[in-house]
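Okay, so here's the structure we're looking at.
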Amino acid sequence: FGEFNTSCIELLRSDETNGTDTSVQDWIYGYFSGRIRETGRDLGIVMDLNIPLYELVLKACKDDPNLNIQEVTDIIYISIP
């Protein structure tokens, strides 16, 4: 539940050392699921195309390491057409 507050710097360090953090990955999918339900958007394409959300979060964190996971995940969610 508390993964949203993890800083991008922490995530990048953890990923570099340990690889994919499954608790963060699960949080990201849960976040998307909740936002889809909240907004009523049809983002089935995300699952249909098996878009690598965790990797998108890592990339966004590299682009702006001063953010946290919730902030970059929200940016990604908003940017999907």
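For clarity, every value in this text was computed on a predicted model and none was experimentally measured.
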| request: Sorted by first residue and then second, give each ring pair (Phe, Tyr, Trp, His ring centres under 6.0 Å) pair with at least one member in residues 39-70; sequence neighbours left out. | output: none

| query | Which distance, rounded to the nearest 0.5 Å, do you find between the CG of L53 and the CG of L58? | reply | 11.0 Å

| task | Answer yes or no: is there a side-chain heavy-atom contact under 4.5 Å between L56 and I51? | result | yes

| note | Output for pair (N5 CG, W27 CH2), nearest 0.5 Å, gives 10.0 Å

| message | The criterion is side-chain hydrogen bond (donor to acceptor under 3.5 Å, both in side chains); which residues satisfy it with E10, sequence neighbours excluded? | response | S7

| message | Could you work out, with side-chain contact (heavy atoms from CB on, under 4.5 Å) as the rule, every residue matching I80, not counting sequence neighbours? | response | F32, R41, L43, V46, I76

| query | Residues in salt bridge (Lys or Arg N to Asp or Glu O under 4.0 Å) with D63, at least two apart? | reply | K59

| Does E38 CD have over 12 foreign heavy atoms under 6.0 Å away? | yes

| Does the side-chain contact (heavy atoms from CB on, under 4.5 Å) test come out yes or no for T6 and D21, once each step is laid out? | CA-CA 12 Å; T6 302; D21 184 329; over 6 Å; no

| query | When rounded to the nearest 0.5 angstrom, what distance separates CD1 in I9 from NZ in K62? | reply | 14.0 Å

| Are any non-hydrogen side-chain atoms of I69 and L11 less than 4.5 angstrom apart? | yes

| field | Under the side-chain hydrogen bond (donor to acceptor under 3.5 Å, both in side chains) test, residues paired with T20 that sit two or more places apart | value | none

| Could you give all pairs that pass the disulfide bond (SG atoms under 2.5 Å apart) test and reach residues 8-69, with sequence neighbours left out? | C8-C61

| task | Check whether any side-chain heavy atom of V72 lies under 4.5 Å from a side-chain heavy atom of D64, and answer yes or no. | result | no

| request: List in chain and number order the residues that pass side-chain contact (heavy atoms from CB on, under 4.5 Å) with D74, two or more places apart in sequence or in another chain; answer none if no residue qualifies. | output: Y31, R35, Q70, I78

